[in-house]
Structure formats: C-alpha cells, structure tokens
Q: 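Below you'll find the structure I mean.
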Amino acid sequence: MRLRNTFAATIAVVLATATIWTSAAEALAPESRRLIRARDYIADEQWQLAIEQLRQAIDDPKEPRRDEALYWLAHSQYYSGDPASAVASISRLERDFPKSMWVKNGQILRTQIAVRLQRRDVLWWTAMAPEAPAVKAPARSKYAPREDPNDVKAPPPAVPVRVAAPTSPQAPVPPDGPKGSGPAKASTAPKPALPPPPPAIWMSDNLSPNADAKIIALGALLRLDDADKVVPLLGKIALDGELGPAVQAVFTLAQSQSPKAHETVVRVAKTASEPVRVAAVRDLGRFGGPEISKELLAVYTTAPVPVKLQIVDSLGERAEQKGLLQIVQLEKDGKLRFRAMTKLGVAGGAAQLALLYKTASLEGRRSIIAGLFYARADVELIQIADSERNGGSEELCGDAVERLRMLGTPTAKAYLLNVSKKR
C-alpha cells in the first residue's frame with residue numbers, strides 16, 4: 001500500500017505542471033465555445049458529451065486550439081473506458097502538432113495508461129527510447145489495422161522485457177592508450193541494450209518521450225521489475241539530467257525500499273549539482289531509521305551552505321537533537337549555527353537551548369528564543385524574560401514576552417497577567 005501511495009504521489013508531482021501548461025496555452029489563442037463546453041463536461045465526468053464537443057473542434061480547420069482539443073479528447077476517451085482510442089489520439093497529437101505544449105501532457109497520459117495496463121514493454125520503451133530522428137518518419141496509413149492497448153499478450157506476465165544491466169565503469173585510458181598499445185581507440189564498452197519496440201500504436205513516429213514520461217515509466221518499473229536495472233537509469237538522470245527531471249528522479253528513488261535506491265540518493269546528496277543535492281537531502285530526511293541522521297551528518301561535512309541549511313532543517317524535522325547540538329557547537333558559520341539553534345527547538349531541545357543561552361551572542365540569543373518558542377518551552381521563556389528585564393536587554397525581554405503571548409499556554413497567561421499587575 002505504501003508503494004502504491006508513494007508512486008501516486010510521484011505522478012501527482014509531475015502532473016502538477018499541467019495547470020501551468022494549460023494557462024500558457026490559453027494565452028496563445030482565443031477561447032472557443034466548444035472547448036468551454038467540453039471542459040465543463042469533463043469537470044462533471046460526462047465523458048461522451050465531452051468527446052462529442054472535442055471531435056467537432058478537431059474536425060474544424062478554423063478551430064485555433066485543435067492541439068488542446070486532441071489532448072482533452074484523449075483524456076476523455078481514457079476515462080470513459082477506451083484506452084485504445086486515447087492512445088491513438090495522443091499519437092495524432094504528436095504527429096499533427098509536434099511542437100505543441102500539449103504533447104508533454106499527452107505523453108504523460110500515455111505513460112499512465114501503460115502503467116495502469118502494466119505494459120512493461122511500453123514502459124521500457126518510454127524509459128529508454130532514443131532521441132527522435134532528424135527526419136520525420138512516414139506517417140502510417142489511416143487504414144492500417146487498429147491495435148488495442150488492452151492486449152497484454154506482448155510482454156509475458158511473469159517475464160519482464162530484458163534490458164542489459166549497466167556495466168561497471170572501467171579504468172580510464174590515457175590519451176595515448178595503454179602502454180605499448182599505440183594510439184587510443186574509440187571506446188568499445190557495451191551500452192545498455194534497447195528494449196524491443198512495443199506495438200506501433202504506442203510509438204511516436206517523430207517524437208521521443210519527454211523526461212517526465214520517462215521518469216513515470218521508470219517509477220512504475222521500479223515497482224514492477226528488477227530495481228537493479230531501473231535504479232542506475234534514475235541515478236543517471238539525477239546526476240546528469242536537467243534540474244526538473246533530476247529532482248523528480250531523486251523523489252522517485254526516495255520512494256523505493258531498495259537499498260540500491262537508498263544508496264543512490266545518498267550519492268546524489270553528496271555529488272550532484274547544488275539544487276539537486278538540496279532535493280536529495282530533503283527527500284532523504286523524510287524517511288525513518290537512525291542511519292538516516294548519520295548519513296545526513298556525513299553529507300554535511302563537505303556540503304555547500306544551501307545543502308547544509310537543508311540538512312539542518314531535515315534534522316529538525318527528524319527531532320535529531322544530538323546532531324543539531326553538534327552543529328551548534330562546531331559550526332563556525334553564524335547563519336548555519338543560528339538556524340541550527342532554532343531547529344534544535346523544533347526538535348524539542350529546550351533544555352539544551354536554555355544552557356546555550358547563557359553564553360550565546362545577541363543574534364544567537366534571538367535564535368534561541370525562537371527555538372524555545374517552537375519547543376513550546378514557556379518556563380524557559382519566562383526565565384529569559386525575567387533575566388533580561390533585570391539588567392539585560394529590553395529588546396530580548398520584549399521578544400520573549402511576545403513569544404509567550406503567542407503561545408498562550410496557561411503558564412504563559414498567568415505570567416503575563418502577573419507582569420501587567422505589577423505595572
């Protein structure tokens with residue numbers, strides 16, 4: 001159940017961009033009444049009525065948003081129980097409008113259909129499809145026999161499509177080649193074998209699946225197939241891909257219970273580009289086990305400041321008081337040290353913060369007061385307010401009193417009432 005829910009969350013993250021794509025599309029062409037009616041029908045799940053409106057829009061050469069209509073047609077066909085027609089509509093969208101921003105959502109929908117039907121062959125093809133050729137392939141005849149995506153005979157149920165496992169990296173060869181071998185030759189290291197192509201209805205003539213579709217496919221294969229084959233592919237995207245796909249790949253890896261996936265997320269947290277490392281630390285920190293906190297602290301030692309800040313936040317969310325106290329005591333960067341003080345309060349370290357307050361700097365004391373507020377440590381805040389009122393800083397006293405007022409605990413209310421009476 002956990003894997004099913006987390007994979008659904010993966011798809012939800014990817015599809016969160018659909019609204020942005022829709023808004024951008026709507027800015028390019030005027031609205032049509034048929035599309036307005038069709039989307040109203042879709043909102044009400046009246047699929048057949050929506051399909052009728054969308055087909056009229058697609059058949060009208062004057063319709064300015066035929067590409068959008070094709071996407072919503074595929075969407076409606078799928079949810080009406082006709083995945084074969086949905087896949088055919090997506091293929092038409094790719095063929096007729098290859099540069100449309102709706103192609104991205106169409107490819108994601110097609111991958112979702114393959115996931116639902118457990119079409120391993122389609123998922124592997126989506127995950128490993130080569131770059132699109134420069135010249136558009138000839139269009140298929142419209143009279144060709146229709147293939148049905150519901151036909152699950154292509155991949156044997158118990159035997160996944162074979163994909164060669166990535167080979168281990170070999171030692172680098174000097175520019176002149178190994179000693180005594182003459183000039184270096186081109187690398188002959190075997191590349192992962194491409195999977196057999198799925199039935200033609202699933203394939204695009206001229207477009208390669210986009211990165212989001214690839215990651216959804218790999219996420220499904222991570223559940224359905226051998227993690228040893230899938231994890232290296234996701235790891236490569238996380239380490240070498242563009243920012244958006246890399247972050248999605250890390251999120252997908254973090255959902256897996258595979259030890260290899262876990263190791264890959266840790267490696268990404270240590271070696272990827274800075275924004276991806278931040279994402280890896282954030283995802284890593286959300287999973288249980290004492291070893292996670294140790295790994296976060298190990299990453300901290302060589303991380304840049306943005307990654308360290310995320311580690312501090314993650315340790316706070318994990319209530320890792322020991323690690324946060326260690327950072328407070330050893331970190332020389334004031335920004336990191338003060339953030340660790342605040343997060344120590346989030347972790348419930350009120351006693352440690354109260355001890356630190358006595359020797360902290362002015363900025364450090366502000367951070368400690370904030371940390372005690374997050375720890376709901378009303379007694380410690382009262383002690384600070386009284387101490388600062390009697391020969392200390394009026395600013396810090398006011399800060400502590402304001403935090404007590406915000407907490408509103410019975411102890412805080414009684415203290416504030418007593419202070420007001422004395423005035």
Side-chain angles (χ1 to χ4, degrees), residues 274-275 277-278 281-282 284-286 292-294 296-423:
E274 188 175 285
R277 292 178 71 177
V278 171
V281 166
R282 182 174 59 245
L284 190 63
R286 290 171 178 166
I292 300 293
S293 296
K294 294 179 181 177
L296 289 173
L297 288 171
V299 172
Y300 188 93
T301 57
T302 58
V305 171
V307 179
K308 286 185 175 182
L309 288 170
Q310 181 58 56
I311 291 173
V312 169
D313 291 348
S314 295
L315 291 173
E317 292 172 4
R318 296 177 61 80
E320 184 56 55
Q321 298 178 20
K322 184 177 179 181
L324 288 167
L325 184 58
Q326 179 180 332
I327 292 173
V328 170
Q329 293 172 335
L330 300 179
E331 180 59 63
K332 295 180 180 180
D333 186 300
K335 181 179 180 180
L336 289 165
R337 187 168 64 255
F338 301 146
R339 175 79 73 91
M341 289 175 177
T342 301
K343 295 301 177 179
L344 184 55
V346 174
Q352 296 95 319
L353 288 173
L355 291 174
L356 290 169
Y357 190 87
K358 297 177 182 178
T359 56
S361 64
L362 177 63
E363 189 62 34
R365 290 188 174 193
R366 290 195 186 100
S367 299
I368 289 172
I369 290 172
L372 290 171
F373 168 73
Y374 287 119
R376 298 185 63 80
D378 49 9
V379 173
E380 287 80 0
L381 285 171
I382 289 171
Q383 291 173 349
I384 288 174
D386 285 340
S387 173
E388 297 293 352
R389 180 179 290 108
N390 299 320
S393 165
E394 292 185 6
E395 179 186 350
L396 292 175
C397 175
D399 193 5
V401 168
E402 184 61 28
R403 303 283 181 167
L404 286 166
R405 187 173 291 112
M406 292 173 66
L407 278 179
T409 63
T411 301
K413 289 179 179 178
Y415 172 79
L416 293 171
L417 180 62
N418 186 44
V419 169
S420 64
K421 288 180 177 179
K422 288 181 178 180
R423 291 178 180 176

Q: I need the minimum non-hydrogen distance between A303 and K308, along with the two atoms involved.
A: O-CE, 3.1 Å
Q: Restricting to side-chain hydrogen bond (donor to acceptor under 3.5 Å, both in side chains), what partner residues turn up for Y415, sequence neighbours left out?
A: D386, R389
Q: So, R339 side chain and V312 main chain: donor-acceptor pair closer than 3.5 Å or not?
A: no
Q: How close do R277 and V307 get, counting heavy atoms only, and between which atoms?
A: CB-CG2, 3.7 Å
Q: What distance do L284 atom CG and L296 atom CG have between them, rounded to the nearest 0.5 Å?
A: 5.0 Å
Q: CD1 of I311 to CG of L315: how many Å apart, nearest 0.5 Å?
A: 7.5 Å
Q: Run the side-chain donor-acceptor check on residues 396-408: report pairs under 3.5 Å with partners two or more places apart or on a different chain.
A:
unit_1	atom_1	unit_2	atom_2	d
D399	OD1	R403	NE	3.3
E402	OE1	R405	NH1	3.0

Q: Would you call R282 and D313 a salt bridge, using N to O less than 4.0 angstrom?
A: no
Q: Can you check side chain to side chain contact (heavy atoms under 4.5 Å, CB included) on V278 and L309, steps first, answer last?
A: CA-CA 9 Å; V278 171; L309 288 170; over 6 Å; no
Q: Would you say R318 and I292 make side-chain contact, with heavy atoms under 4.5 Å?
A: yes
Q: I'd like to check the side-chain hydrogen bond (donor to acceptor under 3.5 Å, both in side chains) partners of E331; sequence neighbours left out, ordered by chain and number.
A: Y300
Q: Under 3.5 Å, sequence neighbours excluded: what are the donor-acceptor pairs made by side chains of residues 320-327?
A:
unit_1	atom_1	unit_2	atom_2	d
E320	OE1	S293	OG	3.0
Q321	OE1	Q352	NE2	2.9
Q321	NE2	A347	O	3.0

Q: I need the T411 OG1 to L381 CG distance, nearest 0.5 Å.
A: 11.5 Å
Q: Hey, what do you get for CG (L372) to CD1 (I382), rounding to the nearest 0.5 Å?
A: 11.5 Å
Q: Only distances under 3.5 Å count here; give the side-chain donor-acceptor pairs of residues 361-370 to other protein atoms, sequence neighbours excluded, each with its distance to 0.1 Å.
A:
unit_1	atom_1	unit_2	atom_2	d
S361	OG	G364	N	3.2
E363	OE1	R366	NH1	2.9
R365	NE	Y357	O	3.1
R365	NE	A360	O	3.4
R365	NH1	E388	OE2	3.1
R365	NH2	Y357	O	3.4
R365	NH2	K358	O	3.2
R366	NE	E395	OE2	3.1
R366	NH2	E395	OE1	3.4
R366	NH2	E395	OE2	2.8
S367	OG	E363	O	3.3

Q: Could you tell me which residues satisfy side-chain hydrogen bond (donor to acceptor under 3.5 Å, both in side chains) with S314, sequence neighbours excluded, listed by chain and number?
A: Q310
